[in-house]
Amino acid sequence: MAHAESDAIKFAYWVPNVSGGLVISNIEQRTNHSAEYNRKLAQIAEKAGFDYALSQIRFTAGYGADEQHESVAFSHDLLAATTTLKVIAAILPGPWNPALAAKQIATISYLTNGRVAINLVSGWFRGEFHAIGEHWLDHDERYRRSEEFIRSLRGIWTQDSFTFRGDFYRFNEYSLKPKPPHPLPEIFQGGSSRAARDMASRVSDWYFTNGNTPAEIAKQVDDIQAKAKANSHSVKVGVNAFAIVRETEDEARAVLAEVIAKANPDAVNAFGHEVKNAGKASPEGEGNWAKSSFDDLVQYNDGFRSNLIGTPRQVAERIVDLKRAGADLILLGFLHFQDEVEYFGKHVIPLVRELENAEAAASLAAE
Ligand SMILES: Cc1cc2nc3c(=O)[nH]c(=O)nc-3n(C[C@H](O)[C@H](O)[C@H](O)COP(=O)(O)O)c2cc1C
């Protein structure tokens with residue numbers, strides 16, 4: 001029996017809308033943050049079988065991403081260049097407020113046949129907030145604000161005469177017209193700390209986490225899904241990974257070794273210093289980057305830890321291991337985006353589908 005479409009693991013790629021690529025290294029990266037490069041990449045990705053693209057929001061960067069195009073405008077441009085790909089635009093509370101975000105995303109959803117989603121990020125870089133004159137909140141306060149942001153978005157999108165009395169946001173009998181088409185834009189969130197997980201188990205459609213082993217992902221998933229169940233909430237999980245897929249494992253490992261050997265130590269250490277404002281600063285000290293080594297930080301969302309480094313078959317098998325651990329989506333970064341997204345679509349995704357089908361058939365036979 002064919003594997004049910006809805007059970008198939010989904011694939012997303014990081015939109016390189018900031019300069020410098022996805023690794024903090026002087027290794028050659030054939031990538032580019034221009035509109036032309038990104039439009040073509042989005043078209044390649046949708047043909048290759050990718051479901052989503054994720055744009056990034058940065059107002060400044062301390063680790064080499066010197067130029068950063070704004071996420072919502074850039075996402076809209078990619079939507080205009082594609083027909084099936086969904087694009088997830090990062091939104092940062094502080095610079096954005098929910099009234100603007102709700103209206104902006106409702107209009108983009110209307111213009112693009114419902115293909116826009118958002119990634120509500122909570123901020124990790126104090127220097128960025130300082131540079132743009134935004135008040136810097138403590139770690140868990142940032143998540144309290146993000147949760148109010150998400151509740152406001154949903155309220156505005158679904159209710160007429162929406163009234164909300166939060167500590168950060170207030171609405172008084174507000175009616176957004178027109179509302180976004182259904183299904184509503186999906187709401188992703190990034191972060192792995194306890195506050196991030198608790199928010200995911202209450203309000204987000206998707207929980208995005210840094211790269212990790214299947215065992216560590218399973219721990220997060222079990223925690224979130226148990227809490228979500230208690231809250232009668234449904235949430236899916238996306239896991240970050242940096243993929244290096246080559247014909248032989250030795251080749252792939254050699255590329256990883258070169259990425260790390262050519263890392264820019266000052267930029268990696270500056271990034272490592274800044275992220276202490278994130279997961280490590282959470283009361284329980286469990287969030288993103290709480291345990292990251294220098295080598296991990298060379299990919300700024302711990303993407304090497306997911307170990308999608310090897311031959312197409314090895315990588316496909318490891319993706320299925322992550323799926324067994326509870327991942328619903330794999331978010332991917334690459335060195336040479338256009339070439340490697342195409343290669344991944346040709347050589348890895350079909351193998352993942354084969355493995356998923358075999359697993360579904362085996363479990364049906366066992367029933
Ligand atoms: C997949 C993913 C994408 C993210 N994208 C952004 C982004 O574009 N801009 C940003 O400021 N933070 C981004 N973040 C950072 C998170 O919002 C959060 O601040 C960080 O992961 C620390 O969270 P924690 O302390 O709860 O673990 C992203 C995180 C993840 C996992």
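Whatever order the structure lists ligands and atoms in, that order sets their numbers, starting from 1. Worth saying up front: this structure is predicted, and the values here are computed from it rather than measured.
- The hydrophobic clustering, which links ILVMFWY residues whose side-chain heavy atoms are closer than 4.5 Å, places Ile330 and Leu351 apart.
- A salt bridge does not link Lys86 to Asp51: none of the charged nitrogens lies less than 4.0 Å from a carboxylate oxygen.
- With salt bridges taken as basic N to acidic carboxylate O contacts below 4.0 Å, one links Asp160 and Lys179.
- For atom 21 (O) of ligand 1, the closest non-hydrogen atom on the protein side is Asn288 ND2, 2.5 Å.
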In sequence, state the C-alpha distance, the side-chain angles, and the governing distance for Arg165 and Asn172, and then conclude on side chain to side chain donor-acceptor pair (under 3.5 Å).
CA-CA 9 Å; Arg165 293 269 172 275; Asn172 302 300; 2.8 Å; yes
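- The shortest N or O to N or O distance between Ser192 and ligand 1 is below 3.5 Å.
- The option from Leu331, Thr209, Val121, Leu120 that lies nearest to atom 13 (C) of ligand 1, judged by heavy atoms, is Val121.
- Tyr143 contributes atom OH, which lies 10.0 Å from atom CG of Leu120 (distance to the nearest 0.5 angstrom).
- Using a 4.0 Å cut-off between charged nitrogen and carboxylate oxygen, Asp296 and Arg305 count as a salt-bridge pair.
- Proximity to Ser122 (heavy-atom distance under 4.0 Å) selects the following atoms of ligand 1: 17 (O).
- Using a 3.5 Å distance cut-off with no hydrogens or angles, the side chains of Glu67 and His33 do pair a donor with an acceptor.
- If you number the atoms of ligand 1 from 1 as listed, the ones under 4.0 Å from a heavy atom of Ala90 come out as 8 (O).
- Residues Trp124 and Tyr300 keep their aromatic ring centres 6.0 Å or farther apart.
- Which parts of ligand 1 touch Gly190 is read off a 4.0 Å heavy-atom cut-off, strictly below it: atoms 16 (C), 17 (O), 18 (C), 29 (C), 30 (C).
- Those atoms of ligand 1 with a heavy atom of Ala278 less than 4.0 angstrom away are 22 (C), 25 (O).
- Under the 4.5 Å side-chain criterion, counting only non-hydrogen atoms from C-beta, Ile150 is in contact with Ser204.
- Contact atoms of ligand 1 toward Gln56: 8 (O) (distance under 4.0 Å to a heavy atom of the residue).
- Around atom 9 (N) of ligand 1, the closest heavy atom drawn from Ile91, Ile57, Asn119, Asp140 belongs to Ile57.
- Here Lys291 does not pair with Asp302 in a salt bridge; the nearest charged N to carboxylate O distance is not below 4.0 Å.
- Scanning Ser193, Gly287, Gly191 for the heavy atom closest to atom 26 (O) of ligand 1 points to Ser193.
- At least one heavy atom of Trp289 sits less than 4.0 Å from an atom of ligand 1.
- Using a 4.0 Å cut-off to heavy atoms of His139, the atoms of ligand 1 that qualify are 24 (P), 25 (O), 26 (O).
- The contact set between ligand 1 and Asn301, taken as ligand atoms under 4.0 Å from a residue heavy atom, comprises 29 (C), 30 (C), 31 (C).
- Contacts between Arg142 and ligand 1, counted as non-hydrogen atom pairs separated by less than 4.0 Å, are absent for every part of the residue.
- Close approach of ligand 1 to Ala196 (heavy-atom distance below 4.0 Å) involves ligand atoms 26 (O).
- The pair Glu147-Arg151 meets the salt-bridge criterion, with a side-chain N (NZ, NE, NH1 or NH2) lying under 4.0 Å from an Asp/Glu carboxylate O.
- A salt bridge between Asp138 and Arg142 is absent, with no side-chain N of the basic residue lying under 4.0 Å from a carboxylate O of the acidic one.
- When Trp14, Trp206, Tyr143 are ranked by how near their heavy atoms come to atom 24 (P) of ligand 1, first place goes to Tyr143.
- Atom 19 (O) of ligand 1 has its closest protein heavy atom at Gly123 O, 3.3 Å.
- With a 4.0 Å cut-off on non-hydrogen atoms, Tyr207 does not touch ligand 1 at all.
- At least one heavy atom of Asn210 lies less than 4.0 angstrom from ligand 1.
- For atom 15 (C) of ligand 1, the closest heavy atom belonging to the protein is Trp124 CD1, 3.8 Å.
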